[in-house]
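In what follows, a single structure is set out as structure tokens and then discussed.
No hydrogens, no waters, no symmetry mates; every other heavy atom, side chains included, goes into these values.
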Amino acid sequence: MLSCKKATELIEKKLLVKLSFKEKMQLEMHKSMCSACTTYEKQSKKLDEIFHIHFQHIDTAQPESTHEGLKKKIKDTLPEN
């Protein structure tokens, strides 16, 4: 059985690379018994989508005020807890 710490590591890894069959099975088994990690995965996917949408065309030479505007837009997009 995976710990929640290991499960969250696999969730983040899954966003970057394909998990091995063993890792997939371990993660799915863990999530079937752990609603916290299932919720974490949903939130992590949503954040990843937001970052891709808002940061795919950022020019790092933009003024700092533009970056602050993007930060505010991201915060406004996130659901409140």
To the nearest 0.5 Å, what is the distance between CG on Leu47 and NE2 on His52?
12.0 Å

Crowding at CE, Met25 (>12 non-hydrogen neighbours, <6.0 Å)
yes

Ion pair check, Glu23 and Lys14, cut-off under 4.0 Å
no

Quick check: do Lys6 and Gln26 have side-chain heavy atoms less than 4.5 Å from each other?
no

Nearest 0.5 angstrom please: Asp48 CG to Glu12 CD, how far?
8.0 Å

When rounded to the nearest 0.5 angstrom, what is the spacing between CD in Glu9 and CG in Leu27?
11.5 Å

Quick check: closest heavy atoms across Cys37 and Ile11, and the distance to 0.1 Å?
O-CD1, 3.5 Å

Using only atom types and a distance under 3.5 Å, with no angle test, would you say the side chain of Ser44 pairs donor to acceptor with the backbone of Glu41?
no

Quick one: NZ on Lys13 to OG on Ser20, what's the gap to the nearest 0.5 Å?
6.0 Å

Please confirm whether the backbone N or O of Ala7 pairs with a side-chain atom of His30, one donor and one acceptor, at under 3.5 Å?
no

